[in-house]
Every structure is written in structure tokens, then in C-alpha cells.
S.K.: 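Okay, here's the structure, questions in a sec.
Remember, it's 1-based here, ligands and their atoms both numbered in the order they're listed. Everything numeric in this text was worked out from a predicted model, so none of it was measured.
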Amino acid sequence: MHPLAEPAREPGEIYGIVHGSSSIKKSDVVKCVIAGAGVAGCIVARALARVPGLEVVCLEQVSASDHSESGTGLNVGPNAVRALLEHDPQLHAAVLAKSYLWHTWRISLTDGTELFRLPISSVADNPGIRIRWSELYSALRGEAAGLIRYDTRITNVQVDPTSPTGRLSLEFNTSGQPARIDQIDLLIAGDGRYSLVRKLLAGAPDITQHGVVIFRLLVPDTSGGLIDDYEQWFNGPNRLLAFRVPGEAIYIAGTFPIEPGAPVPESARDGDWLAALYTPDSRPPSAQCGWMIDQIRQNVDSIHWARLQESPPLYALSGGRVLLLGDAAHGMVPTLGQGATQAIEDACVAARLLENGLGRADANVGQLIDQFAALRDERIRFAMSFSLEASDTLLAGADPVAGTRAKLERPFLSQLERLYRDITRV
Ligand SMILES: Cc1cc2nc3c(=O)[nH]c(=O)nc-3n(C[C@H](O)[C@H](O)[C@H](O)COP(=O)(O)OP(=O)(O)OC[C@H]3O[C@@H](n4cnc5c(N)ncnc54)[C@H](O)[C@@H]3O)c2cc1C
């Protein structure tokens, strides 16, 4: 059990909800449930466990031993690394211990012609990181141990009809048994891009497809040192991306255009078909791309498929009782690696606001959620629109040479600096 699992409480200093509003008076325990022990959920859980008079539990559908590589690898932006350091140095250290630093961003053609080389230090105050998805989860979950209930899948949430103040009831299956929590004062939806909480309380978000397939693969590093820091390679609009992650592995991601809204074509499941997308017509591939093309051909059955998509931001639901964070609040295109990055920023802001606010005698959950939305909305919309703008070279008919060179110009670099440096501070 993590030491934070048992928040210190002064006798009598326990809180309840005032009739007819989501403000709190000192009389009862505040019940807070976090849906999902993902990126955002774990960070917030740790912070809330420090608030006296708050009962916190984080419900997670996978088992504690789940080491799924479904996301395979992530580059997390310098902005999230900074936000985490300022908010929770212990957690920052735990995550960095499982990461390699991200210092440069290089873009070439698949024949090896270099187009772009950017030191991250020229646009950010600190490096980003490269990490395996499973290791990010294991670091975050390890530091929130004792707060997470695994094997617990949320199945329903609704406003409690017996609560005059609109508290919530949650149903779930835990280790195969149905169970429920009633009288919830604050529900934090950190349940990811297919958020059930959002779907049940606000309807499924409108998803916009941008006409690009993304595939991801994690392979043992047999490259002999060819691949290390973050790089991308274009053959027309078809793009490879790769970097080395701890555990002697290389993360490879590829993209190629499709009709917006179309499914991933069946032909893509064929290794030769996929490999051909990245093989230049008139020159041999560079040594780096030759190695990656072989890996794609050999490991096509292990590939995870996705499409470039986004959904509109939404931070608050159900009369000031539900706060949405991360992908549940805003699905963004992954082009600039800002999905988990912004989930971390979200969580650090929410954690700080709630930790300060819920500890006060006159705490008002609804107002705190509104404050979160006011602090984050502009930054999230900027991260979303800039990520989409940066996807120009991935679309059908794109000119990757002109599009990449434009990214060395001031307008793009100024926005990148804004993204990497201007984190939201409470
Ligand atoms: C192709 C692709 C590449 C990406 N690359 C990057 C990248 O390089 N860098 C980056 O920053 N981001 C990247 N992302 C985005 C990133 O993965 C997400 O933005 C990030 O994981 C969101 O964090 P979260 O906390 O909102 O949700 P998640 O981390 O998804 O966590 C949600 C949690 O909720 C749990 N859950 C869901 N439903 C339930 C339920 N009903 N009951 C209980 N638990 C539930 C899940 O099991 C999970 O643990 C990428 C995404 C894609 C699709």
C-alpha cells in the first residue's frame, strides 16, 4: 500500500455537500472516484490522496499485471516533462528513470536526404522523453499503488435520483462481480479516447477523420545503432517515424493517406504492400529505412492500427460533478506527440486546483471544474489546431519537401516554442 493511500485526516474535519449546490461544508467525507488509471488518472489520484477529508479511489479495467504494449512507444513533449517536474518531482523522477531523453528532431526522405534537423533545446527549456507505453503506465501506476482498484470495469454512471444535490452513482464489475458506488461528489473521467463516462452522460463525441492511417510497431533493436533519437522519413506523403526506447527496442510508426472516413485497407495487412509504400522509386532506401522496411515486412502481424482523428473538447458534465481529463476530454491528432503530453498537463493543473480547492472549508466542486476549463481551454484548442496544422505533410497530395522546409521557418518554430514552453500554471 502506497503511503499516500491513507490521507491524514484531523478528527471532525470531514466534509459533505451542501443541499442544492456542489459546494462543500465540513460535515461529511467527500467521495471522489477517478475512472481509469491511465496517464491522467494516476497523476490526479496521487494528488487527491493528499487532501484531508477526501475519499479517493481510481477504478481501472485492466489487471495489475497488465503489461500491454498496445501503444508501443511514446514521445512525450518537453512541456509535459516540465509540468510534471513542477507538480510532482517524485513522479517525474519515476517516469524519467524509465525513459530516454528526446534531444533532436530530424526529418529526411527515405533515400536518406536530410531536410530538417532541430535541436529541442532551441525551442524548449528542457528535453522531452521517449518511453515504452507499458513503462509509462507502470511508472505512473506504481507511484499511485494502493489508490487503484484493478480488474474493475465501469459499466454505468448516472445522477443518483435520491440525491437532492445531483451526486452520482457508478456501476462496475470488479473481478467479475457487479458492484456500485453511490453518493459520489466528484467523478474524474480519465477513461481515455473511448470514454464511457463521456458517452453515457453527454453522448459519444463527434469524431473527425482526417484521412490518414497510422500504424505502430515495437521491435527488438537489431539496427546496430542506426536508430536512436526521434526521426521521421518521407516517401511522398507516406511517412515513417522511429526512435529507440529503453529495453533495447525500437518503436516504428508509419502513416499513409486514405480517403477521410475510409477504414484501414485490407491490402495494408500485407507486409510487401506496406513495405513498398516507404521504398523510394529511383534510389535505394537509406540504411536506416532499409532496416525499418524489413522490420515492417517481417512483423506485419504484430502491427497496431489507428487513424488520424480528433474530437471536440469537453471538460465538465452533469451539474458540476464530472471533470474530464486527457483523451476523454479532447482527442487530438498524434502528429506532434501531444496526446499523452496534454493529458499530463491537464492532470497537473487539475491536481493542483483540486488539491488546493477541495482542502478549503468553502470548497465548491463545480467552481473548481469551471476554473479548470477556463485555464485549459485556449491551450488545448491551440495544441489541437497546431497538431492538425503540422499534419499537412501526411495528407494525400502533400509535398513533404516544401512542407518540411516550412517547419524550419519562424511561424512554425514560434508555435512550437509556445507549445513546448507555455505550460498552464495554476
Ligand atoms: C497512434 C497513436 C500514437 C500516439 N502517440 C503519442 C505520442 O507519441 N505522444 C503522446 O503524448 N501521445 C501519443 N498518443 C496519445 C496518447 O496515447 C493518449 O493521448 C494518452 O494515453 C491519453 O491519456 P489518458 O490518461 O487520457 O487516457 P489513457 O492513458 O488512454 O488511459 C485511460 C485508462 O482508462 C481505462 N479505462 C477505459 N475505460 C474504462 C472503464 N470503462 N472502466 C475502467 N477503466 C477504463 C483504460 O484501461 C486506461 O488505463 C498517441 C495515440 C495514438 C492513437
S.K.: Out of curiosity, is I344 lining ligand 1, as in a heavy atom under 4.0 Å away?
M.R.: no
S.K.: If you round to the nearest 0.5 Å, how far is CG of L416 from CZ of R410?
M.R.: 9.5 Å
S.K.: Would you sort out whether M292 and T110 count as a side chain to side chain contact (heavy atoms under 4.5 Å, CB included), showing the intermediate values?
M.R.: CA-CA 10 Å; M292 285 185 289; T110 53; over 6 Å; no
S.K.: Would you check the N or O atoms of Y251, main chain and side chain alike, for any that come under 3.5 Å of an N or O of ligand 1?
M.R.: no
S.K.: Under 4.0 Å from any heavy atom of G326, which atoms of ligand 1 are there?
M.R.: 26 (O)
S.K.: Going by the angle between their ring planes, with limits at 30° and 60°, are W133 and Y137 parallel, tilted or perpendicular?
M.R.: perpendicular
S.K.: Roughly how far, to the nearest 0.5 Å, is the CD1 atom of I120 from the CH2 atom of W105?
M.R.: 7.5 Å
S.K.: Would you call D88 and R46 a salt bridge, using N to O less than 4.0 angstrom?
M.R.: yes
S.K.: Is any side-chain heavy atom of T335 closer than 4.5 Å to a side-chain heavy atom of L388?
M.R.: no
S.K.: Does the N or O separation between E60 and ligand 1 drop below 3.5 Å for any pair?
M.R.: yes
S.K.: Closer than 4.0 angstrom, basic N to acidic O: yes or no for K407 and D392?
M.R.: yes
S.K.: Would you kindly specify which portion of R216 sits under 4.0 Å from ligand 1, judged on non-hydrogen atoms: side chain, backbone, both or neither?
M.R.: side chain
S.K.: Have a look at ligand 1 and work out which part of A340, if any, has a heavy atom under 4.0 Å from it: side chain, backbone, both or neither.
M.R.: both
S.K.: Check ligand 1 against T152 and write out every atom of the ligand that is under 4.0 Å from a heavy-atom position of the residue.
M.R.: 42 (N), 43 (C)
S.K.: Got a salt bridge between R153 and D191, using NZ or NE/NH1/NH2 to carboxylate O under 4.0 Å?
M.R.: no
S.K.: So is P334 polar-close to ligand 1, meaning N/O to N/O under 3.5 Å?
M.R.: no
S.K.: Give the atoms of ligand 1, by number and element, whose distance to some non-hydrogen atom of V39 is under 4.0 Å.
M.R.: 21 (O), 23 (O), 25 (O), 29 (O)
S.K.: Assess, by modelled atom type and distance only, whether the side chains of S169 and D182 contain a donor and an acceptor separated by less than 3.5 Å.
M.R.: yes
S.K.: Does ligand 1 have any atom that is closer than 4.0 Å to a heavy atom of F172?
M.R.: no
S.K.: Find out whether L200 and N156 are in side-chain contact, i.e. whether some heavy atom of one side chain is under 4.5 Å from a heavy atom of the other.
M.R.: yes
S.K.: If we only consider heavy atoms of W133, is any one of them less than 4.0 Å away from an atom in ligand 1?
M.R.: yes
S.K.: Of the side chain and backbone of T155, name the one, both, or neither that has a heavy atom under 4.0 Å from an atom of ligand 1.
M.R.: neither
S.K.: How long is the gap from CG on L241 to CD on E231, to the nearest 0.5 Å?
M.R.: 9.5 Å
S.K.: Counting heavy atoms only, name the option from A40, G192, G38 that's nearest to atom 27 (O) of ligand 1.
M.R.: G192
S.K.: Heavy-atom contacts with G339 under 4.0 Å: which atoms of ligand 1 show up? List them by number with element.
M.R.: 10 (C), 11 (O), 12 (N), 15 (C), 18 (C), 19 (O)
S.K.: So is R141 touching ligand 1 or not, going by heavy atoms under 4.0 Å?
M.R.: yes
S.K.: Where is the tightest heavy-atom contact between W102 and P127, given as atom of each residue plus distance?
M.R.: O-CB, 3.4 Å
S.K.: Identify, by atom number and element, the atoms of ligand 1 in contact range of A343, meaning under 4.0 Å from any of its heavy atoms.
M.R.: 23 (O)
S.K.: If you count the atoms of ligand 1 from 1 in the order shown, which ones are under 4.0 Å from a heavy atom of D327?
M.R.: 18 (C), 19 (O), 20 (C), 22 (C), 26 (O)
S.K.: Please state whether the rings of F256 and F215 are parallel, tilted or perpendicular, taking 30° and 60° as the class boundaries.
M.R.: tilted
S.K.: Only heavy atoms of G337, strictly under 4.0 Å: list the atoms of ligand 1 that pass.
M.R.: 7 (C), 9 (N), 10 (C), 11 (O)
S.K.: Looking at L59, which atoms of ligand 1 are within less than 4.0 Å of one of its heavy atoms?
M.R.: 43 (C), 44 (N)
S.K.: If you look at every heavy atom in W305 and V264, which pair is closest and at what distance?
M.R.: CE3-CG1, 3.6 Å
S.K.: Heavy atom to atom 32 (C) of ligand 1, shortest distance: which of A189, A35, G190, G36 holds it?
M.R.: G190
S.K.: Has V76 got any heavy atom lying under 4.0 angstrom from an atom of ligand 1?
M.R.: no
S.K.: Among F243, Y137, F215, Y150, whose heavy atom sits nearest atom 28 (P) of ligand 1?
M.R.: Y137
S.K.: Kindly confirm or rule out an N or O of I154 lying under 3.5 angstrom from an N or O of ligand 1.
M.R.: yes
